[in-house]
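Chain A is the first sequence line, chain B the second, and so forth, proteins listed ahead of strands; every chain is numbered from 1.
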Number of protein chains: 2
Amino acid sequence: MDENIFRSTCPISSSLDLFGDKWTLLIVRDLLYHGTRTFKDFYQSEENISSARLSERLKKLEGLQALTKENHPTNKKVYIYKLTQKGKDLAPAIIDLITWGNKYLNHHISDESKKFAANLKENREIVLKELMK
Amino acid sequence: MDENIFRSTCPISSSLDLFGDKWTLLIVRDLLYHGTRTFKDFYQSEENISSARLSERLKKLEGLQALTKENHPTNKKVYIYKLTQKGKDLAPAIIDLITWGNKYLNHHISDESKKFAANLKENREIVLKELMK
DNA sequence: ATATTTGCTTTCACATTGAAAGTAAATATA
DNA sequence: TATATTTACTTTCAATGTGAAAGCAAATAT
């Protein structure tokens, strides 16, 4: 990883240099929820990422070693993406964004997400452990 | 706030629709660390935000009611920016990004930030309470 | 043998950004 | 009281990043 992508020696600033965009953490979200994903799975998630951007972000995350890409056991055309520990360690930040979004944007959040967020609020550590395992 | 800025009914996606860029959370960071800030204070922080972008982001955060802008008590040219509760509630996500950055980008993080992050790791709830008060 | 699926890449108009310069009002200084 | 400086912006614009659509090649299904 090139050092000159970092604006300062501040850890938030540096984390945002890597994850401060609208797509990267959504890819991590999908993997936290589902464990493994294929290109098609990501592509079909409801936010409608373009294939160009998805491809680019997967490469970035792979380069960061936040996820791994492996062959599908039977289908040679399909690849399986999985989080590494480095990727899983983004779970706390992600659930805090869920909590914030659920509190302040509640009127347009789906019922399913509201339930998930309510559970999170009660059992942060348990949900975290579950997501990161 | 316009509803059509949101890509989906997912709370992470929606939070990222608001904060998924390289500058917005850094402004919140400065306010968490310092309590109050002026335009000049933000402008002089080490990441070198351009005044055009700073002005734009401050307006966005004010529009979201994540911060307030008030007159300086004696200098009519200066404005004082402060976090609202909505803004302070971003503190958990921000400290988790500090923790992640400190763990995985440690080699280029300043000693001061390393100390802060170490304390955070030991005393998450106490530091959080202190930042949000 | 042919159609479909999957995981991309390519293209390009459009949106966002960073850097620099400009501005106007308020304040400090001579 | 005149002038320099400071503060909080706005304007401009080239460079960069993005979304939507189309294209492609290998693998799989029919």
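Proximity of the aromatic rings of B/F6 and A/H108 is defined here by a centroid distance below 6.0 angstrom, and this criterion is met.
At the phosphate of C/dC8, OP1 or OP2 sits under 4.0 Å from a side-chain N or O atom of A/Y81. Within the 4.0 Å cut-off from OP1 or OP2 of C/dC8, not a single side-chain nitrogen or oxygen of A/S55 is found. Contact check, B/N75 against C/dA26: no side-chain N or O comes under 4.0 Å of OP1 or OP2. Dashed line: the shortest gap from a side-chain N or O of B/W23 to OP1 or OP2 of C/dG18 is under 4.0 Å. Considering only side-chain N and O atoms, A/K40 lies under 4.0 angstrom from the phosphate OP1 or OP2 of C/dT6.
When heavy atoms are screened at a 4.0 angstrom cut-off, B/Y79 is found touching the sugar-phosphate backbone but no base atom. Looking at heavy-atom distances under 4.0 Å, B/E56 makes contact with sugar-phosphate atoms alone, never a base.
Remark: C1' of C/dT9 and CG of A/L58 are 14 Å apart, rounded to the nearest angstrom. B/K22 places its NZ atom 9 Å from the P atom of C/dG18, with the value rounded to the nearest Å. With rounding to whole Å, B/R57 atom CZ is found 11 Å from C/dG18 atom C1'. For B/H72 and C/dT27, the NE2 to P distance is 9 Å, given to the nearest whole Å. As a whole-Å value, the separation of A/I49 CD1 from C/dG7 P is 14 Å. Atoms CD1 (A/I27) and P (C/dG7) sit 14 Å apart, rounded to a whole Å. For A/R53 and C/dA15, the CZ to C1' distance is 12 Å, given to the nearest whole Å. The CZ atom of A/F42 sits 14 Å away from the C1' atom of C/dC8 (whole-angstrom rounding).
The cationic group of B/K69 lies under 6.0 Å from the six-membered ring centre of B/Y79 and within 45° of the ring axis, placing it in a cation-pi geometry.
Put simply, chain A comes within 4.0 Å of DNA chain D, heavy atom to any atom, from D/dT18 to D/dT28, going 5' to 3'.
Taking the nucleotide of DNA chain C with the nearest heavy atom to each of A/A52 and A/I80, the more 5' of the two is matched to A/I80. Across the interface with DNA chain D, nearest-nucleotide mapping of B/V78 and A/S50 shows B/V78 to be the residue nearer the 5′ end.
For B/K76, whose side chain is taken as the heavy atoms from C-beta onward, the closest listed nucleotide among C/dT27, C/dT6, C/dG18 is C/dT27.
The environment of B/E70 atom CD is dense: over 12 non-hydrogen atoms of other residues, nucleotides or ligands sit within 6.0 angstrom.
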Please report the C-alpha distance between A/N123 and A/E130 in whole Å, then the side-chain angles of each, then the deciding distance to 0.1 Å, and finally whether the side chain to side chain contact (heavy atoms under 4.5 Å, CB included) criterion is met. CA-CA 11 Å; A/N123 308 297; A/E130 187 64 24; over 6 Å; no

Determine, stepwise, if the pair A/E47 / B/S8 fulfils side-chain hydrogen bond (donor to acceptor under 3.5 Å, both in side chains). CA-CA 6 Å; A/E47 289 86 5; B/S8 77; 2.8 Å; yes

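The backbone N or O of B/P11 lies less than 3.5 Å from a partner atom in the side chain of B/S15, making a donor-acceptor pair.
A/E56 and A/R53 are joined by a salt bridge, as a carboxylate oxygen and a charged side-chain nitrogen come within less than 4.0 angstrom of each other.
Ring pair B/W100/B/Y104 is tilted by interplanar angle, where 30° to 60° counts as tilted.
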